[in-house]
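See structure below.
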Amino acid sequence: AAQGRCSARSGRVNNFVKKHEAKVVDMIDVEDIAEKVALCRCWKTKSWPYCDGSHGEHNKLTGDNVGPVVVRK
Ligand code: FES
């Protein structure tokens with residue numbers, strides 16, 4: 001049923017974001033969003049948790065199609 005999904009051990013996606021923490025959780029107050037904000041979903045950004053466009057290189061290298069979630073106020 002889970003065909004194509006990552007297995008529990010081999011599907012690691014996070015290579016450098018807050019690796020010292022057991023689980024990466026981020027909180028953003030809606031009041032702090034000026035107009036809109038793009039949040040990274042590819043785990044390649046250098047400005048976590050925000051998208052910095054690094055998904056583009058990842059997609060080019062891997063054939064993936066990931067991108068950010070944009071939250072509008
Ligand atoms: Fe990760 Fe854009 S850099 S979604």
Side-chain angles (χ1 to χ4, degrees):
Q3 200 73 8
R5 295 190 177 210
C6 299
S7 69
R9 284 285 169 192
S10 67
R12 191 167 286 189
V13 296
N14 180 16
N15 292 320
F16 52 81
V17 178
K18 300 181 183 179
K19 293 302 283 184
H20 58 286
E21 295 182 10
K23 176 166 56 179
V24 179
V25 177
D26 300 282
M27 189 98 62
I28 297 171
D29 289 329
V30 170
E31 291 75 22
D32 296 337
I33 300 173
E35 183 184 328
K36 62 183 178 182
V37 67
L39 302 174
C40 178
R41 294 193 292 186
C42 76
W43 293 87
K44 307 296 184 219
T45 183
K46 299 295 188 293
S47 57
W48 186 266
Y50 303 102
C51 171
D52 71 350
S54 295
H55 60 265
E57 184 68 12
H58 166 80
N59 288 342
K60 204 187 310 176
L61 289 172
T62 64
D64 214 342
N65 66 344
V66 297
V69 59
V70 178
V71 179
R72 283 189 305 206
K73 190 165 185 180

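Side chains are part of it too, since the values below use all heavy atoms of this structure and drop only hydrogens, waters and symmetry mates. Both counts, for ligands and for their atoms, begin at 1 and track the order of listing. Quick note: residue numbers are just sequence positions, from 1. Keep in mind it's a predicted model, so treat the numbers as computed, not measured.
- Residues N59 and N65 approach most closely at OD1-N, 3.4 Å, considering heavy atoms.
- Between A34 and K73, the closest heavy-atom pair is O-CD, 4.0 Å.
- Nearest heavy-atom pair, T62 versus H58, reported as atom, atom and distance to 0.1 Å: OG1-O, 2.7 Å.
- Atom NZ of K36 has 12 or fewer neighbouring heavy atoms from other residues, nucleotides or ligands inside a 6.0 Å radius.
- Every residue two or more places apart in sequence or in another chain that forms a salt bridge (charged side-chain N to carboxylate O under 4.0 Å, His left out) with K18 is listed here: D26.
- Between F16 and K46, the shortest heavy-atom distance links the atoms CZ-NZ, 4.1 Å.
- Counting only protein N, O or S atoms closer than 2.8 Å to atom 1 (Fe) of ligand 1 gives 2.
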